[in-house]
**Student:** 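This is the structure, below, for whatever I ask next.
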Amino acid sequence: MTTQLETSTHAKSTESRASAGYREPVQQTSGRAHGSWLPGVTSIVFGGDYNPEQWPREVWDEDVALMKTAGVNLVSIGIFSWALLEPREGEFDFGWLDDVIDLLWRAGIGISLGTPTAAPPAWFWAKYPEARPVTRDGVALGGGSRGMASPSSPEYAVASSRIVRELAVRYGAHPALRLWHVHNEYGAPVSESYSVDSVRAFRVWLESKYTTIDALNAAWGTTFWGQHYEYWSEIDAPRRAASVVNPAQRLDFARFTNNALLACFVRERDILHELSPGIPVTTNFMATSCPAIDYWKWAKEVDIVSNDHYLTGERGDSHILLALDADMVRSLAGGKPWLLMEHSTSAVNWQPRNVAKVAGQLARNSLSHLARGADGIMFFQWRASRFGAEKFHSAMIPHAGPDSRIFRETVALGGELASLSELLGSTVTAKVAILWDWESFWAQDLEWRPSSDLGHRRQIETFYGRLWNDGITTDFAHPEADLSGYDLVLAPSLYLLSEAGSANIRAYVEAGGTFVASYFSGVVDENDTVPAGASPGRLREVLGLRIEEFRPLRSGETVELDNGLIGAVWTDEIVLEGATEVAGYRTGATAGRAAITRNRFGAGTAWYLSTEFDSVQLSTVLSEAMLDAGLAPRPNAGDGLEVVERRSVDTIFTIAINHGDREVAIETADAPPVVLAAGAVSISRRPVDALAS
Ligand code: GAL
């Protein structure tokens, strides 16, 4: 398969590209560093994690020469270098980093400088063993690896602030510096810590949230199983116990953990803003694959959103999961440009079977991120390690060296991206949103739910996959976000719903929106408490129904509907309260009762699906809801064809990617069809005015 780019911009020579992409950083005099994009960067960012400390000095020269060949204009350095930069507590050695940065700068390559606080040195663990994170089972995690200290450790706060301050003072105004890369993937590989410091900090957090112990007792429902507290000092982290621990306590601990990690980021960010004004600060998210982090909250704190994404190599729909993740990142960024901080040129090393990418997939994956709003494409990592835990991970230069397909594809991609500067800052608009709320996931994933087959993630993937196959670009939104710009809003199993969230959904539908909720939605409030009255609690009025009893199905059991669809996992005993039955159950314990309902509410419509459908069957239901919303599948959608538009003030860029193994003709409203070969990508442009004609 080949990548076929049909672009009309002028490719510059590699030599001029590396330097032409940069101006001097814009220095900000006061306040928070917050620009639209990286200071001084005027082309699509291209590069990767660079770990020169793993290589002898002579390799650095070759690295820089090959980076120029590939059109690399930004590298992330120093992410795990704490032990080398501060070999003994309070003693620093920046010589090697000075050399690397100057070498890169002289070659016109910018740096995204890491703060190395995701890998505290051996001296730190030896001197402060109490800073080790403790698991729910009470195991204090050891060193010799990487990963966060207990986020509430005072010793970690002191040590991490010190190294960040040193780096900021030394490099904060370096002309090569484009971006600060704080820490690495907060929340992974561990998030929660049950250490002594964490328990102490949890109590302080609870006291500031609830003020009185009575308020906490009420919110947590501690009259159940005699869990009443008299004093804050009696409260523990929800460590492993004889039976199920209070779900409201666990939910609060998840919130506390997210908050404690975010405080670590903010502490570093504030030092960098103070000492390195004008340089944006980010930390790399794992948008849809880090369950512990509520990225809606984090997105407000970073200067630009950046993300790491790795294909689930074994899944045939990995390109759809990639699109889901990229759409989530764009949504977190509020539609602004974002940076793909890491992905892989080929196989990773940490999946059960690490499937290598086929020819052309490197470009297709990269351009899919670009299509969905990324203004920079970076990889983990520049040169494949020869030792350590990640030596079997692919890189821009694999063990096979530059004379390899991977490096040739890397160079080709760098060249293509250099010709796409026009796309910088152009945006993607979606008319459909899927509601996504980490608090709801945290709550739903606790023990003793009505069925162990409940799966919000599986359902979101089914809904998203359906829309992807229908050629519909989708955003993700928090239930309390402004939904007014969307024609259709989907809530796959939105278990926890706040008062504000339900009022928001209600207002959206009342004003004319189309809303689709699937089973086990609106079941509890913020404290994992069932609101008074029948389910679906706060969605009852808008959906126009109540549920007498949940009827989860047996493992593998299915039910037939009278419109021929097959449901799985779940059914409800629905009582209609104004909604119309669209389809009923023909078999099973709920035979004769409504399965799919539709309710006119205000100027809008609210649908309820009381069972789970696979992607093919969901198409039947969603196509009707799409009619209500005035939407239709894109012509010739499906067949592995991905088409996304990015718009600037005057131009619409259409990025089409053929993930299939047959050529496809892309129909356009105002031009003859374009034939796209199997595996190919095309980027076409037309003036915005053409829309009006
Ligand atoms: C990321 C991490 C990188 C590298 C990569 C390998 O999660 O940020 O440092 O470990 O995984 O896929």
Side-chain angles (χ1 to χ4, degrees), residues 1-3 46-51 54-55 59 63 66-67 70 72 75-76 79-80 145-146 184-185 188-189 284-290 306-326 329 340-370 374 376-414 416-417 461 640 642 657-661 678-679 681:
M1 287 191 277
T2 55
T3 302
F46 182 56
D49 280 20
Y50 181 37
N51 296 304
Q54 294 176 18
W55 299 93
V59 177
D63 282 336
L66 289 171
M67 284 177 193
V72 164
V75 290
S76 303
I79 299 172
F80 300 109
S145 178
R146 71 168 173 194
N184 193 66
E185 295 182 341
N284 43 345
F285 292 177
M286 308 164 72
T288 65
S289 51
C290 185
S306 66
N307 190 55
D308 298 350
H309 178 264
Y310 290 94
L311 281 194
T312 311
E314 283 194 80
R315 278 184 59 167
D317 61 349
S318 62
H319 55 291
I320 300 180
L321 299 178
L322 180 158
L324 185 159
D325 199 77
V329 187
L340 179 66
M341 186 67 86
E342 292 178 22
H343 70 152
S344 64
T345 55
S346 190
V348 298
N349 64 302
W350 41 264
Q351 292 175 3
R353 284 157 295 273
N354 298 291
V355 178
K357 293 189 182 179
V358 297
Q361 203 175 355
L362 182 161
R364 284 194 294 282
N365 290 167
S366 300
L367 295 169
S368 182
H369 285 290
L370 185 93
I377 304 294
M378 299 179 71
F379 293 91
F380 177 85
Q381 60 178 329
W382 166 250
R383 194 184 269 279
S385 305
R386 288 185 47 222
F387 45 80
E390 295 186 320
K391 56 185 165 296
F392 299 122
H393 197 289
S394 62
M396 298 164 86
I397 303 183
H399 291 150
D403 184 10
S404 58
R405 179 180 59 75
I406 287 181
F407 188 65
R408 281 188 285 277
E409 289 194 21
T410 299
V411 173
L413 176 66
E416 296 303 344
L417 293 177
E461 284 180 14
E642 177 177 8
I657 306 173
N658 183 358
H659 297 277
D661 49 16
V681 180

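All of these numbers come straight from a predicted model, not from anything done at the bench.
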**Student:** At their closest point, which heavy atom of H369 faces which heavy atom of A326, and how far apart are they?
**Tutor:**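 Looks like ND1-CB, 3.8 Å.
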
**Student:** Can you list everything that forms a side-chain hydrogen bond (donor to acceptor under 3.5 Å, both in side chains) with N184? Sequence neighbours excluded, please.
**Tutor:**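 N184: side-chain hydrogen bond (donor to acceptor under 3.5 Å, both in side chains) contacts with N284.
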
**Student:** Has S344 got a side-chain atom pairing as donor or acceptor with S394's backbone, closer than 3.5 angstrom?
**Tutor:**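 No.
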
**Student:** Please identify each residue that fulfils side chain to side chain contact (heavy atoms under 4.5 Å, CB included) with A389, with sequence neighbours left out.
**Tutor:**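 By the side chain to side chain contact (heavy atoms under 4.5 Å, CB included) rule, A389 matches no residue at all.
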
**Student:** State whether the side chain of Q54 and the backbone N or O of A384 hold a donor-acceptor pair below 3.5 Å, judged by distance alone.
**Tutor:**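 No; zero donor-acceptor contacts below 3.5 Å.
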
**Student:** Of the non-hydrogen atoms in Q381 and S385, which two are nearest, and what is the gap between them?
**Tutor:**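 The pair with the smallest heavy-atom distance is NE2-OG, 2.9 Å.
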
**Student:** Do R364 and L362 have side chains that get closer than 4.5 Å, going by heavy atoms?
**Tutor:**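 Not in contact.
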
**Student:** Using side-chain heavy atoms (C-beta onward) and a distance below 4.5 Å, is L367 in contact with L417?
**Tutor:**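 Yes, their side chains come closer than 4.5 Å.
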
**Student:** Kindly write out the residues that satisfy side-chain hydrogen bond (donor to acceptor under 3.5 Å, both in side chains) with H343, not counting sequence neighbours, or none if the list is empty.
**Tutor:**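 Checked H343 against side-chain hydrogen bond (donor to acceptor under 3.5 Å, both in side chains); matches are S366.
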
**Student:** Within a strict 4.5 Å, meaning less than it, do heavy atoms of the L311 and K357 side chains meet?
**Tutor:**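 Side-chain contact under 4.5 Å: yes.
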
**Student:** Hey, what do you get for CG (N349) to CG (N354), rounding to the nearest 0.5 Å?
**Tutor:**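 Taking CG in N349 and CG in N354, the distance rounds to 6.0 Å.
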
**Student:** Could I get the full list of side chain to side chain contact (heavy atoms under 4.5 Å, CB included) partners for A323, not counting sequence neighbours?
**Tutor:**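 Checked A323 against side chain to side chain contact (heavy atoms under 4.5 Å, CB included); matches are R372, Y464, W468, E642.
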
**Student:** For D63, which residues count as a side-chain hydrogen bond (donor to acceptor under 3.5 Å, both in side chains) partner, sequence neighbours excluded?
**Tutor:**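 Partners of D63 under the side-chain hydrogen bond (donor to acceptor under 3.5 Å, both in side chains) test: Y50, W382, R383.
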
**Student:** Would you confirm whether S404, through its side chain, and A400, through its main-chain N or O, come within 3.5 Å as a donor-acceptor pair?
**Tutor:**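 No: the side chain of S404 does not pair with the backbone of A400.
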
**Student:** Working to the nearest 0.5 Å, report the span between CD of E342 and CD1 of I377.
**Tutor:**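 Reported to 0.5 Å precision, the distance equals 13.0 Å.
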
**Student:** What's the spacing between L321 CG and T312 OG1 if we round to 0.5 Å?
**Tutor:**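 These two atoms lie 5.5 Å from each other.
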
**Student:** If you look at every heavy atom in S76 and M341, which pair is closest and at what distance?
**Tutor:**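 So the minimum-distance heavy-atom pair works out to OG-SD, 3.6 Å.
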
**Student:** Nearest 0.5 angstrom please: F379 CZ to D49 CG, how far?
**Tutor:**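 It is 11.5 Å, given to the nearest 0.5 Å.
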
**Student:** Using every non-hydrogen atom in the two residues, find where L370 and A374 come nearest and quote the distance to one decimal.
**Tutor:**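 Heavy-atom minimum between the residues: CD1-O, 3.3 Å.
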
**Student:** Once ring pair (Phe, Tyr, Trp, His ring centres under 6.0 Å) is applied, do any residues pair with Y310, and if so which ones, sequence neighbours excluded?
**Tutor:**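 Once residues adjacent in sequence are excluded, the partners of Y310 under the ring pair (Phe, Tyr, Trp, His ring centres under 6.0 Å) criterion are W350, H393.
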
**Student:** Find the distance between OG (S306) and CE (M378) and round it off to the nearest 0.5 Å.
**Tutor:**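 Output value for this atom pair is 9.5 Å.
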
**Student:** How would you list, by chain and number, every residue that makes a salt bridge (charged side-chain N to carboxylate O under 4.0 Å, His left out) with R386, sequence neighbours excluded?
**Tutor:**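 So R386 forms no salt bridge (charged side-chain N to carboxylate O under 4.0 Å, His left out) with any residue.
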
**Student:** Going by side chain to side chain contact (heavy atoms under 4.5 Å, CB included), name the residues that satisfy it together with A287, two or more places apart in sequence or in a different chain.
**Tutor:**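 Counting only residues at least two positions away or on another chain, A287 forms a side chain to side chain contact (heavy atoms under 4.5 Å, CB included) with N307, D325, M328, V329, L332.
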
**Student:** Taking all non-hydrogen atoms of both residues into account, name the closest pair between L322 and S368 and its distance.
**Tutor:**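 So the two residues come closest at CD2-OG, 3.4 Å.
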
**Student:** In the structure I gave you, are the side-chain heavy atoms of F285 and E185 within less than 4.5 Å of one another anywhere?
**Tutor:**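 The answer is no, as the side chains (C-beta and beyond) never meet within the 4.5 Å cut-off.
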
**Student:** Considering residues at least two apart in sequence or located in another chain, which fulfil the ring pair (Phe, Tyr, Trp, His ring centres under 6.0 Å) criterion with F46?
**Tutor:**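 Per chain and number, F46 pairs via ring pair (Phe, Tyr, Trp, His ring centres under 6.0 Å) with no residue.
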
**Student:** With the side chain counted from C-beta on, respond yes when D403 and R408 share a heavy-atom pair under 4.5 Å apart, and no when they do not.
**Tutor:**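 Touching, per the 4.5 Å side-chain cut-off.
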
**Student:** Just how far is it from atom CG of L413 to atom CE of M396, taken to the nearest 0.5 Å?
**Tutor:**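 Rounded to the nearest 0.5 Å, the CG-CE separation comes out at 8.0 Å.
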
**Student:** What are the two closest non-hydrogen atoms of A356 and A347, and how far apart are they?
**Tutor:**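 Of all heavy-atom pairs spanning A356 and A347, the closest is CA-CB, 3.9 Å.
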
**Student:** Side chains of T410 and T345, heavy atoms from C-beta outward: is any pair under 4.5 Å?
**Tutor:**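 They are in contact (side-chain heavy atoms under 4.5 Å apart), so the answer is yes.
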
**Student:** Could I get the full list of side-chain hydrogen bond (donor to acceptor under 3.5 Å, both in side chains) partners for R315, not counting sequence neighbours?
**Tutor:**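 Counting only residues at least two positions away or on another chain, R315 forms a side-chain hydrogen bond (donor to acceptor under 3.5 Å, both in side chains) with D317, E461.
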
